[in-house]
Amino acid sequence: MKLLLMDGHSILNRAYYGLPDLTNSAGEHTGAIFGFLNMMFKFIEDEQPDNFAVAFDVHAPTFRHKMYDAYKGTRKPMDPELREQVPRIQEILKAMGVPVITMEGWEADDILGTLSRIGQEKGMDVTIVSGDRDLLQLATDKIKISIPKTKKTGTEIENYFAKDFEQAYGVTPKQYIDVKALMGDSSDNIPGVAGIGEKTAFKWIAQYGSIEECHAHVSEMKKAKVVDNFIEQWDTAVLSKELATINLNAPIELEEGSTKLGNLFTEEAYLLCKRYELKKLLPRFENTDTASVTDNTADSFKRVNDFSEVETFFEDIKKTGKAFIGASIMAGDDKVIRGAALSDGESTVYVECQGFISADYLCHKLMEICKAGVRLCFWDLKNVMHLITNILSDDEKKAVMEKGGKSQIFPNAVDVSVAAYLLNPTKKEYTADDVANEMLGIIIPAAADLFGKKKLKDALLDDSLLEAVTTYACYEAYVAYGAFEKVMAEIEAAGMGHIFTDIEMPLLYTLFDMEIQGIAMDKEALAQFSQKLSTRIEELEKDIYAQAGEEFNINSPKQLGVILFEKMGIEGGKKTKTGYSTAADVLEELAPANPIIGSILEYRQLAKLKSTYADGLQPCVGADGRVHSTFMQTVTATGRISSIEPNLQNIPIRMELGKEIRRVFYPKDGCVFLDADYSQIELRVLAHMSGDDNLIGAFKAGQDIHRSTASLVFNTPFDQVTDLQRRSAKAVNFGIVYGISAFGLAKDIGVGRKEAQEYIDNYLKAYPKMHTFLEGLKSSAKEKGYAVTLYGRRRPVPELNSSNFMNRQFGERVAMNSPIQGTAADIIKIAMVKVHDRLLAEGLKSKLLLQVHDELLVETYIDEQEKVESVIREEMENAAELSVKLEIDMNEGSNWLEAH
DNA sequence: TCTATATAC
DNA sequence: CTAACGTATATAGAA
């Protein structure tokens, strides 16, 4: 029989410092949990114990830490990042059926000592795992102390039976207590005897065996100061021995068999590991009898594939006047709709597309009930609308294109993922299983549980997984129904009801229409441009190889670094984690002295243009000759939207050659592009939110804001500001918005740090309310736990409570930037909805196509141009009422470059 | 899958 | 004292 015992806090502490800081998408720290569990699995595998328990101190102990005053032997309180993981690891251990033993008034050491003694008395082999050498006194010939050490080469384990200890230290484990009694241990508050250190302590105990024996033989000892001390401080030595002794008789009450090691891989534990996103641990749960995760809600799910049954089902919905239904549509990459799940909370059904139940029929039924007033709640509604549009007739599609998806498809639908995003925009994804867990407190299977390694799209192609697909869809519908109301209640409670109802949901429809429209792109022109780039890239390649004296992959920062800084011996290389940095700003400094650098920088620029834009965009052109990007509404932490496949929000504009890419986007026949962008929206938001009179005044006077800033910062008359001063002031303005540091600003504008600090100080003096405003943002975010926009949109900032300086600094910058960037995002979202809705309401055919954070692009029919211009101007400028005017710059053009 | 680099606002 | 400008996405290379 074998008993394995772990020292909970000690191993958790080891894991915390031994591993990089892991967090899950909710911002919860998990690194120590992960390390602990890995360590635990390793020991269980190696030791094959029959019995297993973990002991914790009741209260989080402090730890010695080598980086922190090691020589003083002081201890450091537990980092909050580690502290928060203590209850979590205990929760997981309990879920695994592992006894987590804590006792008020007793240390974990005493628990471990007592359990190991009992184990030995029962004839068991005992292993105690701890990072703490204090436990070595417990070693016997049956009790092994294992101390794992994390080294670069991996984890090494030191094992000590009594004889190993004696070999290493020259005293028995029990005698080690006496050693400590003499030498003391300041970090454990064991006083010891003054003047006796490690050497003397070991020598004496090795010779006499115990402090008592030493005391009895003091007369034989050579006269010395320490001997006098020892005699004088005998009481202290006795007390020290008591303090150093681990108690083997803690009154632990354990039920018979409770430490028996059973199946660790329980359903409950699995779900916790999933919740903490310990993805690398999940495979361990496979092939155990708990692999299938179920709860009994699924029992009531029903699949219907009988046409008349479906008919009745939809009739019932209409008849009973259901107001709200959760729904989910199943379709893979092929966009073929396989079925849909619907839930009213009581019953949840999956309608499978087969026989007379065509996708077309099903979609029209859904549209019908929605138009009849049943509010449908989906996950990723915008995508659902695309799936439905895909099966519509040409006439219906045309109507969607012209009149918009809201009126033509679902006039009255909501998206629960968008709602969940509002509650916490920093998460990676908003899936049904996650929201179910968070909002309803229930555990349901995720895609991976139901489909194994397959993704949903693959599962849809596999008939054997029909059951799983049905269950998945039903859960989505069930949770959409059940969670939406709760999510909304929280949104309302947080004062974000307006954002959801009046901004995000209308925006979803607006984005859908933008995606449906797409934007025309000249594929031929791109191909030609790509050719042109290739020619120049080849020239540069040859030039670079010639200068380097060999051929290598210029695209590989690693190879490039070696060539530049080792082979060519260029001075001034900076290092990254993995090698030399070859980032543009580093190389630029080296360019004047090294001709190869210029070629490399040009090569990089052209290679980027070619791969990402010239070549990358070509396959994005659809059969209609247009590019249909997807605008993501639940991605950014600040409330901005993002754009993918392709990303149309980072099309080049600054560099001369890059502008060519913008030319290939053009309006359809009979149209021009109207492009309008807000002028300095973030600084205007800053002026409004800070209430700073000087900044407000500058905007009100219609001044060039960077010049105005320069005038104040450099104490120069407005019309004598130099270009350099203006450029520097511009950088300061950006810095303020991003959460400035003197270091960053100095690097950006190429001045000393001290000088940069002066600029910042001058800035804060020039705009007196700014400083208090920014400080207020930080303290408010720290107090509330989140940053807030003018409209009440929130972003959690847990970093503000980090014990790590860098993370905390980051949190402060986030606290300053998010309200500004987020408010600007709110404003343009409002403007988008208003422009979009008004174009439709006024019967205009012109369409909003793109948003690039502060810019809107409208494909404008020439005969509507005047009207559209005024719609854009009015709606953008009046999107928000700030203490400074919102101004836009608007241009027309026959391509995107001209219009911008 | 992760890192480094590029693009945009 | 620390490190050092916010938000994104795409690509290529290295592992």
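Every chain is numbered from 1, with letters handed out A, B, ... down the list of sequences. Because the structure is a prediction, the values reported are computed rather than measured.
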Query raised in the report: Looking at A/K782 and A/E812, does any basic side-chain N land under 4.0 Å from a carboxylate oxygen?
Result: no
Report task. Let me know the distance between CG of A/D585 and P of B/dA6, rounded to the nearest Å. Result -> 8 Å
Report summary line: Closest to the side chain of A/T636, out of C/dG6, B/dA8, C/dA8, is C/dA8
**Report entry** A/R795 to A/Y786 six-membered ring, cation-pi geometry met (6.0 Å, 45°)
**Finding:** no
Report task. Tell me what A/E682 touches on the nucleic acid: a base, only sugar-phosphate, or nothing, going by heavy atoms under 4.0 Å. Result -> nothing
Report task. Can you see which heavy atom on A/Y678 is nearest to which on A/A879, and at what distance? Result -> OH-CB, 3.7 Å
Query raised in the report: A/I820 CD1 to B/dC9 C1': how many Å, rounded?
Result: 14 Å
Query raised in the report: Between atom CD1 in A/I651 and atom P in B/dT7, what is the gap in whole Å?
Result: 13 Å
Detail all sub-3.5 Å separations between protein N/O atoms and N/O atoms belonging to nucleotides 2-5 of chain C.
unit_1: C/dA4; atom_1: N6; unit_2: A/R753; atom_2: NH1; d: 2.9
unit_1: C/dC5; atom_1: OP2; unit_2: A/S741; atom_2: OG; d: 2.5
unit_1: C/dC5; atom_1: OP2; unit_2: A/G744; atom_2: N; d: 2.9
unit_1: C/dC5; atom_1: N4; unit_2: A/D748; atom_2: OD1; d: 3.1
unit_1: C/dC5; atom_1: N4; unit_2: A/D748; atom_2: OD2; d: 2.5

Query raised in the report: When the ring planes of A/F565 and A/Y580 are compared, do they come out parallel, tilted or perpendicular, using 30° and 60° as the limits?
Result: tilted
Requested in this report: Can you tell me, in whole Å, how much space there is between the C1' of B/dA8 and that of C/dC5?
Outcome: 16 Å
Query - Beyond-backbone contact of A/L886 with A/M876, side-chain heavy atoms, under 4.5 angstrom - result: no
Query raised in the report: Should A/K428 and A/E277 count as an ion pair when the cut-off is N to O under 4.0 Å?
Result: no
Requested in this report: Over 60° means perpendicular and under 30° means parallel, so classify the ring planes of A/H386 and A/F512, tilted if in between.
Outcome: tilted
Query raised in the report: For the pair made of CE in A/M655 and P in B/dA6, what is the distance, rounded to whole Å?
Result: 10 Å
Requested in this report: Measure from CG on A/L587 to P on B/dT5 and round the result to the nearest Å.
Outcome: 8 Å
**Report entry** Contact state string [nucleotides 9-15 of chain C, B base, S sugar-phosphate only, - no protein heavy atom under 4.0 Å]
**Finding:** BBSSSSS
Report summary line: Minimal heavy-atom distance between A/F673 and A/W896, with the atoms involved, is CD1-N, 3.6 Å
**Report entry** Distance between P atoms of C/dA4 and B/dT5 (Å, rounded)
**Finding:** 15 Å
Query raised in the report: Charged N to carboxylate O below 4.0 Å: is that the case for A/K567 and A/E550?
Result: yes
Query raised in the report: Heavy atoms under 4.0 Å, any strand shown: does A/I653 hit a base, just sugar-phosphate, or nothing?
Result: sugar-phosphate
Report task. Take atom NZ of A/K610 and atom C1' of B/dT5, then tell me their distance rounded to the nearest Å. Result -> 18 Å
Query raised in the report: Does A/R604 place a side-chain N or O at less than 4.0 Å from the phosphate oxygens OP1/OP2 of B/dA6?
Result: yes
Query raised in the report: Quick one: do A/K532 and A/E539 make a salt bridge, cutoff under 4.0 Å?
Result: no
Report task. Please determine if a side-chain N or O atom of A/R795 lies less than 4.0 Å away from the OP1 or OP2 oxygen of C/dG6. Result -> no
**Report entry** A/D677 CG - B/dA8 P separation (whole Å)
**Finding:** 15 Å
Query raised in the report: A/A824 near the nucleic acid: base, sugar-phosphate alone, or nothing, with a heavy-atom cut-off under 4.0 Å?
Result: nothing
Report summary line: Taken to the nearest whole Å, CG/A/L601 to C1'/B/dA4 is 15 Å
